[in-house]
J.: 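I'd like to ask some things about the structure below.
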Amino acid sequence: MTIRVIIVDDQAMVRAGFAALLSAQADIDVVGEAPDGREGVAVARSVHPDVVLMDVRMPEMDGLAAAREILDPPPGVVHRPKVLMLTTFDIDDYVYEALRAGASGFLLKDAPPADLIAAVRVVASGEALLAPSVTRRLIADFVQQRPAPRKDPALRLNGLTPRETEVLELIARGLSNQEIAGHLVVAEQTVKTHIGRVLAKLDLRDRAQAVIFAYEAGLVRPGDSA
């Protein structure tokens, strides 16, 4: 299946470079571009991409606001693509808020080309949180500065079974489905079932939100080893 991608960035050369790189891949099709967040939202709703590459800082509407509109659309808008944030700095308040809003991960703009291609495929698959070690560090830094912004997150853990809580902790530590299955000595499909139940019970959209929730609930703390 071909992965449909749009690129939202205010720098024309960045858009052109990313588009050329991704279009050269047999399984990726760049179906649209936009120079700012507002137009990016419009393009996303028009062409229904699988993945949106979203710059953090742009005129008209920044990437955070655009990501929120795409990931939490108004009634009647059914399509919700994955959003991958593009940033110059790996510790960025905008990126943290975008992850809380449901973005699947983030990528540094100066990352190697192979990383960009792999990132699009990972985000499209929905199987794993992008760059878990860096993303977890970013989350940990901001949670440490602003503890427990959610409403009683620790209390919401009470609705999980012990095994579901364990799976959530392993997700937050950056383990993939395959690694979790090996750790728990269960089938990978069983892990996927547990993850689905965790997300449903906690009303979370994806693994990125699950990692943030685990930190904010105190299940995992900054500095914990993976």
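Only heavy atoms go into these numbers, but all of them, side chains included; no hydrogens, no water, no symmetry mates.
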J.: At what distance, to the nearest 0.5 angstrom, does CE of M85 lie from CG of L107?
T.: 11.5 Å
J.: So, does H48 use its side chain to make a donor-acceptor pair with the main chain of R4 at under 3.5 Å?
T.: no
J.: At their closest point, which heavy atom of R80 faces which heavy atom of P73, and how far apart are they?
T.: CD-CD, 3.4 Å
J.: Side chains of E33 and V8, heavy atoms from C-beta outward: is any pair under 4.5 Å?
T.: no
J.: If we only count heavy atoms from C-beta on, is the P59 to R38 side-chain gap below 4.5 Å?
T.: no
J.: Yes or no on side chain to side chain contact (heavy atoms under 4.5 Å, CB included) for V5 and V31, after CA distance, side-chain angles and deciding distance?
T.: CA-CA 6 Å; V5 177; V31 295; 6.0 Å; no
J.: Does L86 reach the side chain of F106, with side-chain heavy atoms less than 4.5 Å apart?
T.: no
J.: Compare every heavy atom of V43 with every heavy atom of G32, then report the nearest pair and how far apart it is.
T.: CA-CG1, 4.3 Å
J.: Less than 4.5 Å apart, any side-chain heavy atom of P81 and any of I70?
T.: yes
J.: Got a second to check how far L168's CG is from L204's CG, nearest 0.5 Å?
T.: 8.0 Å
J.: What distance separates R163 CZ from T193 OG1, expressed to the nearest 0.5 Å?
T.: 12.5 Å
J.: With a 3.5 Å distance limit and no angle check, can you tell me whether T165 reaches the backbone of T161 through a side-chain donor-acceptor pair?
T.: yes
J.: At what distance, to the nearest 0.5 angstrom, does CD of E188 lie from OG of S176?
T.: 7.0 Å
J.: With hydrophobic residues grouped by side-chain heavy-atom distances under 4.5 Å, do V77 and V51 end up in a single group?
T.: no
J.: Side-chain contact, heavy-atom cut-off 4.5 Å: I28 with T2?
T.: no
J.: List the atom of V30, the atom of S23, and the distance in Å for their closest heavy-atom pair.
T.: CG2-OG, 3.4 Å
J.: Run the side chain to side chain contact (heavy atoms under 4.5 Å, CB included) test on I117 and L21 for me, step by step, so that the C-alpha distance in whole Å, both residues' side-chain angles and the decisive distance to 0.1 Å come before the verdict.
T.: CA-CA 8 Å; I117 296 166; L21 176 65; 3.9 Å; yes
J.: For the residue pair V123 and I3, establish whether any side-chain heavy-atom pair is separated by less than 4.5 Å.
T.: no
J.: Would you please test K109 and D9 for salt bridge (Lys or Arg N to Asp or Glu O under 4.0 Å) and show each step?
T.: CA-CA 11 Å; K109 281 190 172 183; D9 193 295; 2.8 Å; yes
J.: Tell me, do E60 and P35 make a side-chain contact under 4.5 Å, heavy atoms counted?
T.: no
J.: Any chance CG of D110 has more than 12 other-residue heavy atoms, nucleotides or ligands included, within less than 6.0 Å?
T.: yes
J.: Quick check: closest heavy atoms across L219 and E169, and the distance to 0.1 Å?
T.: CD2-N, 3.7 Å
J.: Before you tell me yes or no, could you show the steps for L53 and L22 under side chain to side chain contact (heavy atoms under 4.5 Å, CB included), namely the whole-Å CA-CA distance, both residues' side-chain angles and the distance that decides it to 0.1 Å?
T.: CA-CA 11 Å; L53 293 180; L22 294 174; 3.7 Å; yes
J.: Search all heavy atoms of V211 against all heavy atoms of A172 and return the closest pair with its distance.
T.: CG2-CA, 3.9 Å
J.: Rounded to the nearest 0.5 Å, how far does CE of M58 lie from CD of E39?
T.: 10.5 Å
J.: Whether R121 and D27 form a salt bridge (side-chain N of Lys/Arg under 4.0 Å from carboxylate O of Asp/Glu) is what I want to check.
T.: yes
J.: Please name the pair of heavy atoms, one in A210 and one in L199, separated by the smallest distance, quoted to 0.1 Å.
T.: CB-CD2, 4.1 Å
J.: In the structure I gave you, are the side-chain heavy atoms of K82 and D50 within less than 4.5 Å of one another anywhere?
T.: no
J.: To the nearest 0.5 Å, tell me how far D10 CG sits from D62 CG.
T.: 11.0 Å
J.: Where do K192 and N177 land on the side chain to side chain contact (heavy atoms under 4.5 Å, CB included) test, with the steps shown first?
T.: CA-CA 7 Å; K192 292 180 180 180; N177 287 359; 3.6 Å; yes
